[in-house]
Number of protein chains: 2
Amino acid sequence: MSMDAVFRALADPIRRQLLDSLHARNGQTLHELCVGCDITRQAVTKHLAILEAANLVVPLKQGREKLHYLNAVPIYDIAERWIGKYERHRLQALGDLKRDLERNADES
Amino acid sequence: MSMDAVFRALADPIRRQLLDSLHARNGQTLHELCVGCDITRQAVTKHLAILEAANLVVPLKQGREKLHYLNAVPIYDIAERWIGKYERHRLQALGDLKRDLERNADES
DNA sequence: TTGAAAGGCAACCAGATGGTTGCATATCAT
DNA sequence: ATGATATGCAACCATCTGGTTGCCTTTCAA
């Protein structure tokens with residue numbers, strides 16, 4: 001729920017890689033997600049716990065396996081609520097920067 | 001330049017607050033950015049260094065003052081290159097999740 | 001029923017991170 | 001010139017983070 005948890009979860013390259021992996025194929029088990037990670041299964045478990053805490057991954061126990069599903073809603077929320085306001089003024093901000101830099105160049 | 005630096009820079013709430021502050025008023029000095037931060041000026045300097053390394057903030061020395069300008073381009077890039085691909089399949093992924101959960105409910 | 005497979009849990013460890021204090025440097029204004 | 005202002009730099013410190021190893025529990029299949 002907390003936006004901070006989502007940002008911190010996205011800060012780690014391995015966690016983004018896990019999301020990418022689930023994005024490519026949803027509902028993978030822990031062992032499947034470990035393939036190509038070069039870290040131990042326990043370390044991946046910790047990463048998944050952080051992703052679950054941020055509500056980016058939804059686990060689903062099925063027998064002795066735990067399937068992991070991507071939940072892109074928090075990512076969508078970030079794009080809407082936070083990144084959106086920066087994009088809206090992107091060109092204007094770039095224009096301001098350019099103008100300020102040029103003004104400074106004139107003064108020096 | 002590196003997307004990882006941008007993600008890690010955005011992971012800290014104080015750094016996001018600094019970006020918000022610059023978004024509200026561009027070109028602030030270090031001391032101006034310290035207002036309402038509850039940490040020392042030196043700590044803010046470190047945060048700004050991380051934001052500069054991620055190219056999210058562009059500094060501009062002017063006399064004894066250092067003005068800080070927001071650069072929203074890396075944020076735009078993240079939205080385009082990374083978040084975009086998740087949003088594109090957002091509704092589909094949600095549908096998949098719902099279907100999988102319902103299938104599991106039927107089986108249990 | 002028993003071995004193998006999937007996963008959970010806890011202790012431990014090194015390095016990164018975020019903060020502090022103290023002092024130095026540069027620039028402006030009087 | 002000189003004090004005040006704005007910033008830089010370095011040492012230090014506590015905590016967080018990401019990783020490991022070791023062992024336990026649960027579940028499936030032969």
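First the proteins, then the strands, lettered A, B, ... as listed; each starts at 1. What you see below is based on every heavy atom in this structure, not just the backbone, and it leaves out hydrogens, waters and symmetry mates.
With hydrogens and angles ignored, a donor-acceptor pair closer than 3.5 Å exists between the side chain of A:R41 and the base of C:dG8. Between the side chain of A:Q42 and the base of D:dG18 there is no donor-acceptor pair of N/O atoms closer than 3.5 Å. Contact annotation: side chain of A:K61 to base of C:dG7, donor-acceptor pair absent below 3.5 Å. Between the side chain of B:R64 and the base of D:dT5 there is at least one donor-acceptor pair of N/O atoms closer than 3.5 Å.
For the pair B:L51 CG and C:dT17 P, the interatomic distance rounds to 14 Å; values are reported in whole Å. Across the protein-nucleic acid pair, B:D4 atom CG and C:dA16 atom C1' stand 13 Å apart, rounded to whole Å. The distance between atom CG of B:D12 and atom P of C:dT17, rounded to the nearest whole Å, is 11 Å. At whole-Å resolution of the value, CD in A:Q28 and P in C:dA6 are 14 Å apart. A:K46 has its NZ atom 8 Å from the C1' atom of D:dT20, to the nearest Å. Remark: C1' of D:dA4 and CD of B:E65 are 14 Å apart, rounded to the nearest angstrom. Atom-to-atom, CD of B:E52 to P of D:dT7 comes out at 12 Å; the value is rounded to the nearest Å. Rounded to an integer number of Å, the gap from CD of B:Q17 to P of C:dG18 is 14 Å.
When each of D:dG18, D:dT20, C:dG7 is scored by its nearest atom to the side-chain atoms of A:H47, the top-ranked nucleotide is D:dG18. The side chain of B:K66 sits closest to D:dG8 out of C:dG18, C:dG7, D:dG8.
In summary, A:K66 and A:E52 engage in a salt bridge, as defined by a charged side-chain N under 4.0 Å from a carboxylate O. Salt-bridge check for A:R16 with B:D4: passed, with a basic side-chain N closer than 4.0 Å to an acidic carboxylate O.
Distance alone, capped at 3.5 Å, places no donor-acceptor pair between the A:S21 side chain and the A:Q17 backbone.
The distance from atom CZ of A:F7 to atom CG of B:D12, rounded to the nearest 0.5 Å, is 11.5 Å.
Considering only side-chain N and O atoms, B:T40 lies nowhere under 4.0 angstrom from the phosphate OP1 or OP2 of C:dG19. Close to C:dA6, at under 4.0 Å from its OP1 or OP2, lies no side-chain N or O of A:T29.
Side-chain atoms of A:N71 and A:Y76 include no donor-acceptor pair closer than 3.5 Å.
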